[in-house]
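Structure, as structure tokens:
The figures that follow rest on heavy atoms only: side chains count, while hydrogens, waters and symmetry mates do not. Fair warning: this is a prediction, and the values are worked out from it, not measured in the lab. Just so it is clear: chains get the letters A, B, ... in the order the sequence lines come, proteins before strands, and each one is counted from 1.
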There are 2 protein chains.
Amino acid sequence: MTPVTSDSSASSEGTDLPGQLRAAAADVIIERGLGAFSLREVARRADVSHAAPGYHFGDMSGLLTSLAIEGLDTLHRETAAAAAEHVDPLDRLTAVGRAYVKVGREHPAHMEVVFRPDLIDVDHPDMHRCGAQAFGVVLAVVQAIADDRNPDLDVLTAARLCWSAMQGLVQIHPKLGVLDEAMGTSTRSLDDLVADFTRLIVDGIGSRP
Amino acid sequence: MTPVTSDSSASSEGTDLPGQLRAAAADVIIERGLGAFSLREVARRADVSHAAPGYHFGDMSGLLTSLAIEGLDTLHRETAAAAAEHVDPLDRLTAVGRAYVKVGREHPAHMEVVFRPDLIDVDHPDMHRCGAQAFGVVLAVVQAIADDRNPDLDVLTAARLCWSAMQGLVQIHPKLGVLDEAMGTSTRSLDDLVADFTRLIVDGIGSRP
DNA sequence: CCCCACCACTTGACGTTGTCAACCTTCGAC
DNA sequence: GTCGAAGGTTGACAACGTCAAGTGGTGGGG
């Protein structure tokens, strides 16, 4: 019945319905939020019948998983490109962090869906592949820092920390904002927070002078 | 019509329907996941009519918000209690981190809902209050570290980093697990990762000897 | 004793949703 | 000219969230 291919192979242009459905899905998520997401609304925006998304992606999880894979892929490409623009290891780490939150800002629907195991199929092979590629970028940058200044560093753990801090930041940044205005503390932009975090992670918060 | 009180005031015991509904909701989330959450299933488990949850909490967002507030409250109490058990600032930071992931492990439904602005009402006053209290614990511990070893530390930013890292860890830990077995790297438990992260955050990943 | 208002639900209904079977329609191969 | 598949559409179904209206019990005033 349903092919469940989710191919993005629309050779030239114009009639890539899976792609249009992904784009419409991202729009719906941005405008209405993931809580009010609906396949039928996606179909309506793409001007196809209500069952067309199901035909191409099997079910809702299939469509959202496809979106998540796209998100992980651009995350990989953007962070890799940002890292390649700098030679100093610390500059590279900061650039990767900035690229991370930039992807979160420019493709909020994609990034919102990446870490939602209840909505997507986390065992999809492409999820594994793209996730490992993206993590590889962080790993390489941290390795460069270790080579440059701290040969004894546990690179794997440090890379995990960097990823956790960036993802945590993207997730709780809005909440930090309201917390700030409730406590009267100064609000900082995402980019500034990335720079702050990078410096703190590198230097340590308890560095004895 | 609907009271939308969501009071947890069931004086003695036995007939605290809002509390039973919260408990049932947590069970549903744990067993079926947030994606398959349904008010009617909650009502079924509490053995009440399908509209009872709506009567007490207004709508689905009301029930989930109530759950999130409960989660933030136990997060606040558990981390504060853990911090009080140690005097050395570093031990306290590690203990707070462990308490954070412990709450995430023992009350997964509550913690899963805390950072889902699309499902809950993030502007609920109790959300602000409990969130600020919980953040206050982290802030105090980081302040102690600053007093002890690094008077120049930007305490607010450092506390934000700690919270982001912990929350990011809770969120992406399952993904790290599958990444590990895909890359052949060693898998670490959540508690071990907390200890690793704490040490790295304190010492810095680029600490020149 | 009666009545009335209120609380804590229940009942019933409506519109929307995800999913699935069945059905068209176009198109290239044989 | 017929076949078969690709790429959808149509129709149906059960489950869902939400809301208006109804119901039983309880407590207090007259």
Item to check | For atom CD of A/E41 and atom P of C/dT17, their distance in whole Å | outcome: 7 Å
Next on the checklist: Tell me every residue that passes side-chain hydrogen bond (donor to acceptor under 3.5 Å, both in side chains) with B/T74, counting only those two or more places apart in sequence or in another chain.
Outcome noted: none
Item to check | Pairs satisfying salt bridge (charged side-chain N to carboxylate O under 4.0 Å, His left out), at least one member in residues 161-172 of chain B, at least two apart | outcome: none
Item to check | Gap between atoms CE and P, on A/M60 and C/dC20 respectively (whole Å) | outcome: 14 Å
Checklist entry - Between B/F57 (CZ) and C/dA8 (P), how many Å, whole number? => result 13 Å
Next on the checklist: Using the salt bridge (charged side-chain N to carboxylate O under 4.0 Å, His left out) criterion, which residues pair with A/D27? Sequence neighbours excluded.
Outcome noted: none
Item to check | Those residues that, when tested against B/A80, pass side chain to side chain contact (heavy atoms under 4.5 Å, CB included) (two or more places apart) | outcome: B/V137
Next on the checklist: Give the residues of residues 28-39 of chain A touching DNA chain D, defined as any heavy atom closer than 4.0 Å, sorted by residue number.
Outcome noted: none
Please produce a list of atom pairs where a protein N or O lies less than 3.5 Å from an N or O of nucleotides 12-15 of chain C.
from, atom 1, to, atom 2, distance (Å)
C/dG12, O6, B/H50, NE2, 2.9

Next on the checklist: So, does A/H56 get its side chain near the phosphate of D/dG8, meaning an N or O under 4.0 Å from OP1 or OP2?
Outcome noted: yes
Item to check | Partners meeting salt bridge (charged side-chain N to carboxylate O under 4.0 Å, His left out) with B/R188 (sequence neighbours left out) | outcome: B/D192, B/D196
Item to check | B/D59 CG - D/dC19 P separation (whole Å) | outcome: 7 Å
Checklist entry - Rounding to a whole Å, what distance do you find between B/L21:CG and C/dA8:C1'? => result 12 Å
Checklist entry - Of all the choices, D/dT18, C/dC7, D/dG7, which nucleotide is nearest to the side chain of B/Y55 once you look at every atom? => result C/dC7
Item to check | Sequence-distant partners of A/E106, salt bridge (charged side-chain N to carboxylate O under 4.0 Å, His left out), two or more places apart | outcome: none
Next on the checklist: Taking side-chain hydrogen bond (donor to acceptor under 3.5 Å, both in side chains) as the definition, give me every residue that meets it alongside B/E78, ordered by chain and number, with sequence neighbours left out.
Outcome noted: B/K102
Item to check | Inter-axis angle, terminal five-pair segments of the helix from C/dC1-D/dG30 to C/dC30-D/dG1 [nearest 10°] | outcome: 20°
Item to check | Whole angstrom value for the distance that separates C1' of C/dG18 from CG of A/L64 | outcome: 12 Å
Item to check | No-hydrogen, no-angle side-chain donor-acceptor test under 3.5 Å, A/S61 and A/D121 | outcome: no
Checklist entry - How would you list, by chain and number, every residue that makes a side-chain hydrogen bond (donor to acceptor under 3.5 Å, both in side chains) with B/R32, sequence neighbours excluded? => result B/E41
Item to check | Pairing of B/D180 and A/R160 as salt bridge, 4.0 angstrom limit | outcome: yes
Next on the checklist: Test of understanding: with side chain to side chain contact (heavy atoms under 4.5 Å, CB included), list the residues that count as partners of A/A109, not counting sequence neighbours.
Outcome noted: A/A26, A/I29, A/I30
Checklist outcome for this item: Among D/dT9, C/dC9, C/dT17, the one nearest any side-chain atom of B/A52 is C/dC9
